[in-house]
> 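One structure coming up, written as structure tokens, with questions to follow.
A note on names: the letters A, B, ... follow the listed sequences, proteins ahead of strands, and every chain is numbered from 1. Both backbone and side-chain heavy atoms feed into the values below; hydrogens, waters and symmetry mates do not.
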There are 2 protein chains.
Amino acid sequence: MRVSDKHQKITQAAVKVFARKGFFNARISDIAKEAKVADGTIYLYFNNKYDILISLFEDEIGKIILKVKLLLENETDPLKMLEIYAIHHMSLLQDQKELVEVLQMELRQSNKFIKEYRNTKFIEYIDIVSDIVHKGQQTGHFRQEVMPGVVKRAFFGALDEMSRLWALSAKPKYTLEETARQITGIFLYGMVVRNS
Amino acid sequence: MRVSDKHQKITQAAVKVFARKGFFNARISDIAKEAKVADGTIYLYFNNKYDILISLFEDEIGKIILKVKLLLENETDPLKMLEIYAIHHMSLLQDQKELVEVLQMELRQSNKFIKEYRNTKFIEYIDIVSDIVHKGQQTGHFRQEVMPGVVKRAFFGALDEMSRLWALSAKPKYTLEETARQITGIFLYGMVVRNS
DNA sequence: ATTTATTATGAATAATGATTCATTTTTTGT
DNA sequence: ACAAAAAATGAATCATTATTCATAATAAAT
């Protein structure tokens, strides 16, 4: 078995256990059992419990960034790009519900050290949105007075909160696609009726 | 000293300590010291550590709901109402930064029991938004195809995520009011340029 | 002033679980 | 097939802390 295999097996087990119990209630022995390794083995691949969390975050957000950048590569219309981003973000939930739950938890931990450590990857992810907005302003698609730095947060926050609802509720009212489109639609066109 | 005084003293101390260290890293003795009572005294007012968190959430969200409903009472324009909600939400941060941090953490805890227990109060808070949207659709101000159930989450998520940035960063780029207006503006009018 | 009831204290308990490391198992090289 | 190196094991350690409860302080009642 290659080294990376066991590393990954532990990471995946940790995602499951963290999602189920939360970071602090998760025991190392739980993760070990889930990964089918001995407790001590975990310490051959990670320095400590925090390290599992951190490395999990880095790795998984990294993958997500790669994937969404790939999807956006051949699109030039900023409106469409925003929709692609939204749909991809929401569909993470379908494929990796547990991961999403863990990332949401982590992002709100109050441990300053941990928070700052992971902020860089997270910022890279939401900066994709501000880049799109900025681009859309240059091409004249988007209003100039909109602040990309606010939009990226607001857009992410909106999607993330919908994810949270989804992860929570047994039988969601809306489909993921529908939700992504609704949110994109609101951000693009607003809610107010216009007489054109 | 009235009973409620000590109860409140402990609650307020808990907010500070939870914000600083997070729920799991906060020790009962930390809270006791902060509240200037003995460790054992806490157990005369709360059943256990979780109970402090739960009762804190209930009480404080309750107050927030009361306040914002009061502010909305004399306003009938749904556009203005949304802005009032946003500004009030963001300004909580100015007055009670620590509380906001704790509520954000709590809301994402993965302990199912805790989560469900507190969901009712939270839902009451965001339902204020869906009520506004619904009302705005009836008066013809808002587009019919917008789903109030999605908007309430998206709007809250957007505001909440901006709060998080604010709580995190030492010297924020934007003022709270400005941020609240930006977000309300985007939700109302969108980002796309119109040729009217 | 004295008794009774209420409230507060904080040291002791007892459970928990992250981490270590001596030992065992597996892999690699010859 | 054997020795050396690498990887894995899991029981024991040891620090940590929520909670309890015998005792003390304070307040209320008579």
Side-chain angles (χ1 to χ4, degrees), chain A residues 1-58 102 105-106 109-115 117-118, chain B residues 1-58 102 105-106 109-115 117-118:
Chain A
M1 178 174 282
R2 289 194 341 282
V3 164
S4 64
D5 280 347
K6 206 149 264 190
H7 191 281
Q8 205 179 314
K9 253 177 69 175
I10 295 169
T11 303
Q12 283 168 355
V15 168
K16 279 196 186 161
V17 177
F18 288 158
R20 196 158 57 232
K21 306 188 139 193
F23 176 74
F24 289 98
N25 289 321
R27 278 168 290 147
I28 290 290
S29 58
D30 292 335
I31 298 172
K33 194 187 281 179
E34 180 77 40
K36 288 177 186 145
V37 298
D39 292 19
T41 305
I42 290 180
Y43 289 87
L44 300 175
Y45 295 91
F46 300 90
N47 296 321
N48 50 48
K49 199 178 162 187
Y50 273 123
D51 192 34
I52 305 175
L53 194 68
I54 289 172
S55 106
L56 184 164
F57 193 90
E58 299 271 293
V102 173
M105 259 178 12
E106 266 195 77
Q109 283 308 336
S110 85
N111 185 318
K112 289 278 151 63
F113 171 71
I114 299 284
K115 205 149 56 177
Y117 192 89
R118 287 166 300 182
Chain B
M1 177 174 283
R2 288 194 340 281
V3 164
S4 65
D5 281 347
K6 206 149 264 191
H7 191 281
Q8 204 178 314
K9 253 177 69 176
I10 294 170
T11 303
Q12 282 168 357
V15 169
K16 279 196 184 160
V17 177
F18 288 159
R20 197 157 57 233
K21 307 189 139 194
F23 175 74
F24 289 98
N25 290 320
R27 277 168 291 146
I28 290 289
S29 59
D30 292 335
I31 298 172
K33 192 188 280 179
E34 180 77 41
K36 288 176 186 147
V37 299
D39 292 18
T41 305
I42 290 180
Y43 289 87
L44 300 175
Y45 295 90
F46 300 90
N47 295 323
N48 51 47
K49 201 178 161 188
Y50 274 121
D51 192 36
I52 304 176
L53 194 67
I54 288 172
S55 107
L56 185 164
F57 193 90
E58 299 272 292
V102 174
M105 259 180 8
E106 264 195 81
Q109 284 308 337
S110 83
N111 185 318
K112 289 276 150 64
F113 171 71
I114 300 285
K115 206 148 54 177
Y117 192 89
R118 287 168 301 183

> By ring-ring contact (aromatic ring centres under 6.0 Å, His included), which residues pair with Phe23(A), not counting sequence neighbours?
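Expected list: Phe18(A), Tyr50(A).
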
> Would you mind reporting whether Tyr45(B) and Lys9(B) have side-chain heavy atoms less than 4.5 Å apart?
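With C-beta onward as the side chain, the pair stays apart.
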
> Take Phe24(B) and Gln109(B), measure what side chain to side chain contact (heavy atoms under 4.5 Å, CB included) needs, and give me the verdict at the end.
CA-CA 11 Å; Phe24(B) 289 98; Gln109(B) 284 308 337; 3.7 Å; yes

> I'd like to know if the side chain of Lys49(A) reaches the main chain of Ala26(A), judged simply by a donor and an acceptor atom lying under 3.5 Å from each other, with no hydrogens or angles considered.
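Yes, because the side chain of Lys49(A) sits within donor-acceptor range (under 3.5 Å) of the backbone of Ala26(A).
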
> At what angle, to 10 degrees, do the two end axes of the helix from dA1(C)-dT30(D) to dT30(C)-dA1(D) meet, given five pairs define each axis?
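One end's axis against the other's: 10°.
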
> Going by the rule salt bridge (Lys or Arg N to Asp or Glu O under 4.0 Å), which residues pair with Lys16(A) if we only count those two or more places apart in sequence or in a different chain?
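Applying salt bridge (Lys or Arg N to Asp or Glu O under 4.0 Å) to Lys16(A) gives Glu34(A).
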
> To the nearest angstrom, how far is Tyr45(B) atom OH from dT6(C) atom P?
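Value for this atom pair: 13 Å.
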
> Just the rounded figure in Å: distance from C1' of dG17(C) to CD1 of Ile31(A).
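To the nearest whole Å, that distance equals 12 Å.
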
> In whole angstrom, what separates Leu44(A)'s CG from dT26(C)'s P?
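These atoms are roughly 16 Å apart.
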
> For nucleotides 16-23 of chain D, read 5' to 3', which letter fits each nucleotide if B means a protein heavy atom sits under 4.0 Å from the base, S means only the sugar-phosphate is that close, and - means neither?
-SSBB---

> Among the nucleotides dA8(C), dG10(D), dA7(D), which one has an atom lying closest to any side-chain atom of Lys6(B)?
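Output: dA8(C).
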
> Between dA18(C) atom C1' and Asp51(A) atom CG, what is the distance in whole Å?
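Interatomic distance, CG of Asp51(A) to C1' of dA18(C): 14 Å.
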
> Expressed in angstrom and rounded to an integer, what is the separation of Phe46(A) atom CZ from dT20(C) atom C1'?
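It works out to 18 Å between those atoms.
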
> Identify the heavy atoms of Ile10(A) and Ala35(A) that sit nearest to each other, and give their distance.
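Heavy atoms of Ile10(A) and Ala35(A) come nearest at CA-CB, 4.1 Å.
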
> Taking only residues two or more places apart in sequence, or in another chain, which ones meet Lys21(A) in a side-chain hydrogen bond (donor to acceptor under 3.5 Å, both in side chains)?
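Result, side-chain hydrogen bond (donor to acceptor under 3.5 Å, both in side chains) vs Lys21(A): Asp30(A).
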
> Compare all side-chain heavy atoms of Leu44(A) with those of Lys6(A) and state whether any distance is below 4.5 angstrom.
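Of all side-chain heavy-atom pairs linking Lys6(A) with Leu44(A), none is under 4.5 Å.
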
> Quick one: Lys33(B) NZ to dA11(C) C1', roughly how many Å, whole number?
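Roughly 16 Å, once rounded to whole Å.
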
> Taking atom C1' of dA7(D) as reference, at what distance in whole Å does atom CG of Asp5(A) sit?
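That distance rounds to 14 Å.
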
> Using ring-ring contact (aromatic ring centres under 6.0 Å, His included) as the criterion, list what pairs up with Phe57(B), not counting sequence neighbours.
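Partners of Phe57(B) by the ring-ring contact (aromatic ring centres under 6.0 Å, His included) criterion come out as none, since no residue qualifies.
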
> Distance check needed: dA18(C) P versus Leu53(A) CG, whole Å only.
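Leu53(A) atom CG is separated from dA18(C) atom P by 13 Å.
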
